[in-house]
A.B. asks: 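Please find one structure pasted underneath; my questions will follow.
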Amino acid sequence: MECRVCGGTDWQEVVSFGLVPLANGFLDPADSYDDEPYYPLGVISCRSCRLLSVTHVVDPEILYRDYPYVTSDSDTITRHMRYVAETCRERFALPPDGLVVEIGSNTGAQLVAFRDAGMRTLGVDPARNLARVAADRGIETLPDFFSAETARSVAEGYGRARLILARHVFAHIDHVAGVVTGARELLSPEGVFAIEVPYALDLFEQNAFDTIYHEHLSYFSVGTLVSLFARHGMRVFDVERLPVHGGSILVFVGRDDGPWAPRPSVEELLRLERRAELHSDAVYRDFALNVDRVRDELPALVRRLAAEGKRIAGYGASAKGNTILNVCGLGPEELEFCSDTTTLKQGKVLPGTHVPVRSPEYAKAHAPDYYLLLAWNYSDEIIRKESAFLNGGGRFIRPIPKPVIISADSL
Ligand code: TYD
Ligand code: ZN
């Protein structure tokens, strides 16, 4: 396999999870589970540019045309999206009638923040089910994958963009070269391409191996992104480290003939990455050991509690959670149900484990002794929201970076 960033072929094997079902492959209990698709899941690291890549690319037509993942309307994410809109408008002096294009715009929640500020917006997203939801809230959305061709037709139909956003979608793209050249063409000379991706350093520091699933083809460091964009006539000029989705970077990229001079943040993070020795095999070997530790300790802890007669349920039917359950071999033997606020997921069962997804109302009426905190990236918000559960003696098991039990006393 050739590296999608640098074309290299010298790979270090990092982790291998065997055959795993799709993390957003929720099933209808009325359907047969017999032909549930499983695909190989593992991660390798390119020794030339240190891109971390999954070993197997699932056809995007299968993954994204009908997509159950809806942008979270949690406080954390809503606040974050407002922040992204404000910071972009201020830093880049976006004109009120300027065009903002979002790749992977989902239900249009992020673009609403720009539209409310008077800007022209256009979403591009292959999920036909979500494009309709976005259209209903007045966000025009092209139901397609973003590519050099899409970029050209958008430029013809709508003009050049002042801002192109790609939040938590860039890591889902196999043909990154096509997307980057398309974005470069679609941007006006002073335009900015803002991408937000999970950060490789956080993946290691937080041991967030649950973000490894088939949709996430790449895990990026700033160094890898700098070299990717440099190959396509673009320049990373600013980077911000953010806590969302377990640790992400918001990366601002301009055309190399544009006005944006590099800010110190880029060199600072590159320095941090050199200090973390992201170029050495050792980092990836250590990560694999930490992953193995959770794969040993978490099932042992959960099974011990279950054997003591404790009732346990999942909290948050996140894609990440499905990686944890499938990779750790936990399922309906241990978990009675999994609570989730997303109506599209309620009534379905989790991929692979077939644990039923229930509403928060159901969960409240059937409160377990322990919740396995599968949406651990929202820990603070959830702990605040569930103070009654905790004060009533309920506990959370936070699986990552290593399994711990959270109780009212431990907080
Ligand atoms: P999320 O972190 O958005 O992403 P991913 O699927 O990429 O891992 O998933 C969080 C899930 O948790 C989502 O399905 C909504 C759910 N959730 C709750 O059920 N309750 C909550 O209070 C929060 C914050 C999330
Ligand atoms: Zn590479």
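Indexing begins at 1, ligand by ligand and atom by atom, following the structure's order. As the structure is a computational prediction, the values presented were derived from the model and not from experiment.
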A.B. asks: Could you report the tightest heavy-atom contact between P29 and V349, atom names first, then the distance?
C.D. replies: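 Taking P29 first and V349 second, the nearest heavy atoms are CB-CG1, 4.3 Å.
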A.B. asks: How far is atom 17 (N) of ligand 1 from the closest protein heavy atom, and which atom is that?
C.D. replies: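 Going atom by atom, the protein heavy atom closest to atom 17 (N) of ligand 1 ends up being T341 OG1, 3.7 Å.
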A.B. asks: Which residue in the set Y199, F229, F170 passes ring pair (Phe, Tyr, Trp, His ring centres under 6.0 Å) when paired with F220?
C.D. replies: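 Only one of Y199, F229, F170 forms a ring pair (Phe, Tyr, Trp, His ring centres under 6.0 Å) with F220, namely F170.
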A.B. asks: Please calculate the SG(C3)-the Zn ion (ligand 2)-SG(C46) angle and round it to 10 degrees.
C.D. replies: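 Reported to 10°, the angle equals 110°.
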A.B. asks: For I382, take its heavy atoms, then give the atoms of ligand 1 lying under 4.0 Å from any of them.
C.D. replies: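 Within the 4.0 Å cut-off of I382, ligand 1 contributes 22 (O).
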A.B. asks: Under a 4.0 angstrom heavy-atom cut-off, which atoms of ligand 1 come close to A375?
C.D. replies: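 Every atom of ligand 1 under 4.0 Å from some heavy atom of A375: 12 (O).
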A.B. asks: Out of all atoms in ligand 1, which are within 4.0 Å of some heavy atom of Y315? Include the element for each.
C.D. replies: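 In order of numbering, the contacting atoms are 20 (N).
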A.B. asks: Evaluate the side chain to side chain contact (heavy atoms under 4.5 Å, CB included) criterion for residues M81 and R167: first the C-alpha distance (whole Å), next the side-chain angles of each, then the deciding distance (0.1 Å), finally the verdict.
C.D. replies: CA-CA 10 Å; M81 288 191 298; R167 289 195 48 248; 3.6 Å; yes
A.B. asks: Looking at atom 9 (O) of ligand 1, what's its closest protein heavy atom, distance included?
C.D. replies: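 Ranked first by proximity to atom 9 (O) of ligand 1 is S318 CB, 3.4 Å.
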A.B. asks: Of the protein's non-hydrogen atoms, which lies at the shortest distance from atom 2 (O) of ligand 1, and what is that distance?
C.D. replies: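 For this ligand atom, the closest protein heavy atom is N377 ND2, 2.9 Å.
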A.B. asks: Let me know which of R184, R231, R235 forms a salt bridge (charged side-chain N to carboxylate O under 4.0 Å, His left out) with D256.
C.D. replies: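 Running salt bridge (charged side-chain N to carboxylate O under 4.0 Å, His left out) over R184, R231, R235 with D256 returns exactly one hit, R184.
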A.B. asks: Quick one: nearest non-hydrogen protein atom to atom 7 (O) of ligand 1, plus distance?
C.D. replies: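 Going by distance alone, atom 7 (O) of ligand 1 is nearest to Y213 OH, 3.2 Å.
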A.B. asks: With a 3.5 Å distance limit and no angle check, can you tell me whether T224 reaches the backbone of C49 through a side-chain donor-acceptor pair?
C.D. replies: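 The answer is yes, because a donor-acceptor pair under 3.5 Å joins these two groups.
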A.B. asks: With the Zn ion (ligand 2) at the center, what angle do SG from C6 and SG from C49 span, rounded to 10 degrees?
C.D. replies: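 The two atoms form an angle at the metal of about 110°.
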A.B. asks: Give yes or no for whether the N/O distance cutoff of 3.5 Å, strictly under, is met between S74 and ligand 1.
C.D. replies: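 The answer is no, given that S74 and ligand 1 share no N or O pair closer than 3.5 Å.
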A.B. asks: Are W376 and F396 near enough that their ring centres are under 6.0 Å apart?
C.D. replies: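 Distance test on ring centres: not under 6.0 Å, no.
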A.B. asks: List the closest protein heavy-atom neighbour of atom 24 (C) of ligand 1: residue, atom name, distance to the nearest 0.1 Å.
C.D. replies: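 Heavy-atom neighbour on the protein nearest atom 24 (C) of ligand 1: Y378 CG, 3.5 Å.
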A.B. asks: What residue and atom, counting heavy atoms only, is the protein's closest point to atom 22 (O) of ligand 1, and at what distance?
C.D. replies: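 So the nearest neighbour among protein heavy atoms is K385 NZ, 2.4 Å.
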A.B. asks: Exactly one of E196, E268, E205 should register a salt bridge (charged side-chain N to carboxylate O under 4.0 Å, His left out) with R241. Which one does?
C.D. replies: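 Of E196, E268, E205, salt bridge (charged side-chain N to carboxylate O under 4.0 Å, His left out) with R241 is met by E205 alone.
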A.B. asks: Parallel, tilted or perpendicular: which describes the rings of Y64 and Y67, with under 30° parallel and over 60° perpendicular?
C.D. replies: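 Perpendicular, since the angle between the ring planes exceeds 60°.
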A.B. asks: Give the residue and atom name of whichever protein heavy atom lies nearest to atom 3 (O) of ligand 1, and the separation in Å to one decimal.
C.D. replies: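 Going atom by atom, the protein heavy atom closest to atom 3 (O) of ligand 1 ends up being Y69 OH, 3.2 Å.
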A.B. asks: Decide whether an N or O pair under 3.5 Å exists between A319 and ligand 1.
C.D. replies: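 Yes.
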A.B. asks: Test D340 against T342 for side-chain hydrogen bond (donor to acceptor under 3.5 Å, both in side chains), laying out the working first.
C.D. replies: CA-CA 6 Å; D340 198 283; T342 317; 2.6 Å; yes
A.B. asks: For ligand 1, which is the ligand I care about here, please tell me if K345 has any N or O atom under 3.5 Å from one of the ligand's N or O atoms.
C.D. replies: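 Yes; the residue has a nitrogen or oxygen that sits under 3.5 Å from a nitrogen or oxygen of the ligand.
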A.B. asks: Please state which protein non-hydrogen atom is closest to atom 13 (C) of ligand 1 and give its distance, to 0.1 Å?
C.D. replies: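 Going atom by atom, the protein heavy atom closest to atom 13 (C) of ligand 1 ends up being D340 OD2, 3.5 Å.
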A.B. asks: Considering all heavy atoms of both residues, which atom of V14 and which atom of A288 are nearest to each other, and what is their separation?
C.D. replies: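 So the two residues come closest at O-CB, 3.4 Å.
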